[in-house]
J.: 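Handing you a structure now.
Just so you know, these numbers come straight off a predicted model, no measurement behind them. Numbered from 1 within each chain, the chains take letters A, B, ... in sequence-line order.
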Number of protein chains: 2
Amino acid sequence: MAGCGEAAPVRRRRRDGEARREAVLDAALDIFSTVGLHGASIDQIAERAGLSKTNLLYYFPSKEELYVAVLRRVLAVWLDPLHSLRADSEPADALRHYIRRKVGLSRDAPQASRLFCLEIVQGARLLREELEGPLRRLVEEKAGILRGWAAQGRIAPHDPHHLIFTIWAVTQHYADFATQVEAITGRSLTDPAFFEETVANTQDLILGRLGLL
Amino acid sequence: MAGCGEAAPVRRRRRDGEARREAVLDAALDIFSTVGLHGASIDQIAERAGLSKTNLLYYFPSKEELYVAVLRRVLAVWLDPLHSLRADSEPADALRHYIRRKVGLSRDAPQASRLFCLEIVQGARLLREELEGPLRRLVEEKAGILRGWAAQGRIAPHDPHHLIFTIWAVTQHYADFATQVEAITGRSLTDPAFFEETVANTQDLILGRLGLL
DNA sequence: GTCTATAGATGGATAGAC
DNA sequence: GTCTATCCATCTATAGAC
């Protein structure tokens with residue numbers, strides 16, 4: 001056991017493997033969100049990430065496991081803004097802020113939104129437990145806050161589930177259906193004026209519904 | 001050339017071939033809307049339609065042409081309700097009716113909505129001309145009607161594009177994200193009470209925004 | 001960790017008989 | 001119009017050298 005150290009392989013920067021995994025996840029998001037799970041090939045993803053197919057399979061054991069890894073990452077980002085709805089906030093401010101963040105995500109992470117959309121539309125085979133467990137609980141908690149505000153007369157009576165779905169539907173539409181929005185209006189969220197219009201329109205819609213305008 | 005008639009092949013009911021094509025299109029909609037273009041195999045579609053793979057390829061020359069045929073059929077259904085927005089209607093009635101029809105489509109033809117969604121989310125490679133041509137013109141016409149109503153003071157000032165996108169986003173959400181809606185609420189549009197709630201909620205949202213409540 | 005080579009399976013599409 | 005047989009491309013995943 002003497003003489004260890006000399007024969008050791010070149011040591012790259014620590015966490016280099018982690019960076020490589022991240023690169024693969026980024027590339028996979030790109031591709032999966034454009035052509036779906038079945039339309040993507042490992043080869044294609046590997047090429048975009050700058051490594052070989054075989055090498056990619058060293059980091060992720062199968063295409064499906066890579067896909068799920070990307071999905072989990074996306075879901076975390078996607079759920080994050082909802083946490084900012086707190087019982088002790090001013091309802092109008094909190095909702096304005098939430099809507100702005102959601103539209104911001106549609107602008108800054110449209111691929112994440114699209115991948116999530118593809119998975120849900122196709123039945124969420126690989127995400128079902130996440131939806132029925134953590135997501136359901138989170139929505140229930142936030143619905144409780146909305147009901148509380150309504151009971152205190154701070155916002156108009158309404159169905160909190162439908163309200164939340166409405167916010168999701170409208171804000172994500174500008175990412176998921178960006179192709180259509182652009183075909184019809186010639187504009188997209190990367191245009192700052194269009195972004196602000198979209199935020200304002202959605203805020204007016206929701207706050208109006210709750211008697212906050 | 002004498003004696004014709006005896007040797008002729010058994011003549012099936014007229015338009016039998018057409019019925020066969022329809023069966024294939026139905027099966028293809030089922031499958032494509034669940035697993036996407038690339039996730040579907042001709043074999044699978046043929047089996048569901050009750051014929052062989054080779055035979056299917058007799059009716060449709062390739063998988064992609066079959067896919068496009070299904071898409072065109074879907075788009076026609078999808079656009080139809082918008083035609084009912086007419087300048088000579090009463091704004092509140094016309095919008096209520098339009099929203100009810102759209103939610104009705106989400107209940108009765110969710111697969112069509114999902115297939116359309118999948119195609120748009122993935123960039124509408126095979127539908128782009130349809131979007132930039134006919135759809136864009138149709139929306140422009142209806143936006144004109146909304147602007148007219150606003151100019152006459154019959155509805156509040158607003159951006160007609162965003163208004164139309166909002167209606168689409170919310171109504172289609174209940175078809176496209178039905179999995180998520182069901183995971184969270186345990187309910188779906190096939191439940192008549194939930195259907196009516198959804199219609200009423202969307203109508204209130206839109207009519208409220210236009211000062212019609 | 002990265003490579004070459006290849007196994008093993010699927011699936012789109014065609015040829016040609018009936 | 002429908003069938004059998006088959007070709008050929010693609011793609012996932014593994015084996016094994018370095």
J.: B/Phe32 CZ to C/dG12 C1': how many Å, rounded?
T.: 12 Å
J.: Is B/Lys63 side chain donor-acceptor paired with the C/dG11 base, going by distance under 3.5 Å alone?
T.: no
J.: Other residues, nucleotides and ligands only: do more than 12 of their heavy atoms fall within 6.0 Å of CD on A/Glu132?
T.: yes
J.: Could you tell me the separation between the CD atom of A/Glu18 and the P atom of C/dG1, rounded to a whole number of Å?
T.: 10 Å
J.: Regarding B/Leu57, tell me which of base, sugar-phosphate or nothing describes its non-hydrogen contacts under 4.0 Å with the strands shown.
T.: base
J.: Send over the distance from A/Phe60 CZ to C/dG1 P, rounded to a whole Å.
T.: 13 Å
J.: How close or far is atom C1' of C/dG12 from atom OH of B/Tyr67, stated in whole angstroms?
T.: 17 Å
J.: What is the distance, rounded to the nearest whole Å, between atom NE2 of A/His38 and atom C1' of C/dG11?
T.: 14 Å
J.: In whole Å, what is the span from the CD1 atom of A/Ile31 to the C1' atom of D/dC11?
T.: 15 Å
J.: Report the distance from atom CG of B/Asp43 to atom P of C/dT14, rounded to the nearest whole Å.
T.: 16 Å
J.: Between B/Ser62 and A/Leu51, just flag the one whose closest nucleotide in DNA chain C comes earlier from the 5' side.
T.: A/Leu51
J.: Between D/dG1, D/dA13, C/dA13, spot the one nearest the side chain of B/Asn55, thanks.
T.: D/dG1
J.: Can you find a side chain N or O atom of B/Ser52 that sits less than 4.0 Å from OP1 or OP2 on D/dC3?
T.: yes
J.: Are more than 12 heavy atoms, taken from residues, nucleotides or ligands other than A/Glu47, located less than 6.0 Å from that residue's CD atom?
T.: no
J.: Of B/Tyr58 and A/Ala40, whose nearest nucleotide on DNA chain D comes first from the 5' end?
T.: B/Tyr58
J.: Between A/Arg21 (CZ) and C/dG1 (P), how many Å, whole number?
T.: 11 Å
J.: Hey, mind stepping through A/Arg107 and A/Tyr174 against side chain to side chain contact (heavy atoms under 4.5 Å, CB included) and telling me if it holds?
T.: CA-CA 8 Å; A/Arg107 177 193 55 195; A/Tyr174 289 89; over 6 Å; no
J.: Below 30° counts as parallel, above 60° as perpendicular, anything between as tilted: where do the rings of A/Trp168 and A/Phe165 land?
T.: tilted
J.: Between B/Tyr98 and B/His83, is the gap from one ring center to the other below 6.0 Å?
T.: no
J.: Go through D/dT14, D/dT2, C/dA13 for me and flag the one nearest to the A/Thr54 side chain.
T.: D/dT14
